[in-house]
Amino acid sequence: MPSIAKPAVLHPSAQRNELGLTLRDYEGSMSTLCAGCGHDSVTAAIVRALWELSVEPHKLAKMSGIGCSSKTPAYFVTGAHGFNSAHGRMPPIATGANAANRELLYIGVSGDGDSLSIGLGHLCHAIRRNVRMVYIIENNGVYGLTKGQFSASADVGTKSKKGEANRMAPIDPIQLGLSLGATFLARGFSGDKEQLVPILKAAVAHRGFAIIDVVSPCVTFNDHTGSTKSYLYTRQHRIRATETDYVPPATEILTEISPRGETAVTLHDGSVVRFSAVPADYNPSDRLAVAKFLQENAADGRIVTGLLYVDEATPNIHEMNNTPAKALTSVPWSKLCPGAEMLNALQEEFR
Ligand SMILES: Cc1ncc(C[n+]2csc(CCOP(=O)(O)OP(=O)(O)O)c2C)c(N)n1
Ligand code: SF4
Ligand SMILES: [Mg+2]
């Protein structure tokens, strides 16, 4: 039971989605994070995206590791499945769950410490396996839960609350993903829900591993002058590289590519993501060009946001490993267990 309960009263004019559910049905327990923490704004964007997509709560599995960010799944869709794993171990847990049941939508929420420090190796392999899931990194440049130590995403020169400067090079999850063959890469800002909601919806429609790196300031330990992950710094240095417009499959799809550099990418479920306001030659499916574009902007101190790279062609975990189409929970025991005779025969093959 949540420690602080939300009032059960529902406004009579609350809007309902295709399933007849209100936004309230996609909320979770009351947040215990610090007031103003970016992670709560990400939660609000997740609630909105899942409600707009009419995701059935019992078809959702929320995964996380350890950290303030990893507490996020408690704050949305109470009626969903959930697994709060050990620090940095969410990717292998999600990989196993995927292999056993591909009928669920998996949303993982992690932190920069959870994903880029202790969990980095696991994250790399989930990227390579193209696990079919949405993987959100709530990136604040510090270990918030353990009181603000620099994390692996802290920029060179960024200052701690006590004034000490970080000297180690940061790990950028987007650049990391590009180098490992990631198939969906986006960066958002917790302070920009208008951009984050369509990015989340596109990630849900993606057929493989969708990474969303969200700059999500820690107001308690990393929101001061000199920090490169503060609200002010992010607002001042951010450029929206792509205006992302998600068009669901049920809507009439008009995909004219305008000379202004607008590009449309069709996702596996027939939905379309339209990229606009991008540089004229921006191609979201050209891995090398996207890497160059991001590196140039990073060198100039700009934080590039938007849906940055998509590849809908690479096979996902299920196609690569030929996992069962049905959830193992729905396969009868007689089929799951081949019996001693067949196991003996199998062992004979390896003698
Ligand atoms: C094996 C293990 N090592 C260390 C810790 C201590 N610890 C808990 S959360 C955390 C870092 C969390 O940072 P991040 O993932 O960035 O989340 P944030 O709190 O910043 O949202 C650490 C080091 C732990 N819980 N387990
Ligand atoms: S310590 Fe930082 S990351 Fe953790 S809840 Fe507070 S503001 Fe958020
Ligand atoms: Mg963090």
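These figures come from a predicted structure and were not determined experimentally. In listed order, ligands and their atoms are each counted from 1.
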Show the nearest heavy-atom pair for residues [X] and [Y], with the distance to one decimal.
X: Lys62; Y: Val77; answer: NZ-O, 3.0 Å
X: Asn84; Y: Gly65; answer: ND2-O, 2.6 Å
X: Lys229; Y: Asp155; answer: NZ-OD2, 3.6 Å
X: Ser160; Y: Phe150; answer: N-CZ, 3.5 Å
X: Val109; Y: Ser64; answer: O-CB, 3.2 Å
X: Tyr233; Y: Ser227; answer: CB-O, 3.5 Å

Note: Asp172-Arg187 ion pair, threshold 4.0 Å (strictly below):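 A salt bridge links Asp172 with Arg187.
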Give the atom numbers and elements of ligand 1 that come within less than 4.0 Å of a heavy atom of [X].
X: His39; result: 21 (O)
X: Gly113; result: 13 (O), 14 (P), 15 (O), 16 (O)
X: Gly144; result: 18 (P), 19 (O), 20 (O)

query: Measuring from Arg102:CZ to His318:NE2, what's the distance to the nearest 0.5 Å?
result: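 Between Arg102 CZ and His318 NE2, I get 5.5 Å after rounding to 0.5 Å.
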Give the residue and atom name of whichever protein heavy atom lies nearest to [atom], and the separation in Å to one decimal.
atom: atom 2 (Fe) of ligand 2; result: Cys218 SG, 2.3 Å
atom: atom 15 (O) of ligand 1; result: Asp114 N, 2.7 Å
atom: atom 6 (Fe) of ligand 2; result: Cys34 SG, 2.3 Å
atom: atom 25 (N) of ligand 1; result: Ile66 CG2, 3.7 Å
atom: atom 24 (C) of ligand 1; result: His87 CD2, 3.7 Å
atom: atom 1 (C) of ligand 1; result: Ile118 CD1, 3.7 Å
atom: atom 3 (S) of ligand 2; result: Asn140 ND2, 3.5 Å
atom: atom 17 (O) of ligand 1; result: Ser69 OG, 3.1 Å
atom: atom 7 (S) of ligand 2; result: Val219 N, 3.4 Å

Any idea which atoms of ligand 2 are less than 4.0 Å away from a heavy-atom of [X]?
X: Phe221; result: 1 (S)
X: Thr220; result: 6 (Fe), 7 (S)
X: Gly144; result: 1 (S)
X: His39; result: 3 (S)
X: Leu33; result: 5 (S)

In the structure I gave you, are the side-chain heavy atoms of [X] and [Y] within less than 4.5 Å of one another anywhere?
X: Tyr282; Y: Val290; answer: yes
X: Leu178; Y: Leu308; answer: no
X: Ile136; Y: Glu138; answer: yes
X: Lys201; Y: Val204; answer: no
X: Val47; Y: Glu27; answer: yes
X: Phe293; Y: Val304; answer: yes

task: Look at the N, O or S atoms of Cys68, main chain and side chain alike, and state whether any lies under 2.8 Å from atom 6 (Fe) of ligand 2.
output: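 Checking atom 6 (Fe) of ligand 2 against Cys68, no N, O or S atom falls under 2.8 Å.
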query: Mind checking whether Gln149 has a heavy atom under 4.0 Å from ligand 1?
result: no
Does [X], backbone or side chain, put an N or O under 3.5 Å from an N or O of ligand 1?
X: Val142; result: yes
X: Glu138; result: no
X: Tyr143; result: no
X: Leu145; result: yes
X: Thr146; result: no

task: Could you tell me whether Ser151 approaches ligand 1 through its side chain, its backbone, both or neither, with non-hydrogen atoms closer than 4.0 Å?
output: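 Under 4.0 Å from ligand 1, Ser151 contributes no heavy atoms.
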Shared hydrophobic cluster, Val197 / Val134 (ILVMFWY, side-chain heavy atoms < 4.5 Å): no
task: Answer yes or no as to whether an N/O/S atom of Cys37 is found below 2.8 Å from atom 8 (Fe) of ligand 2.
output: yes
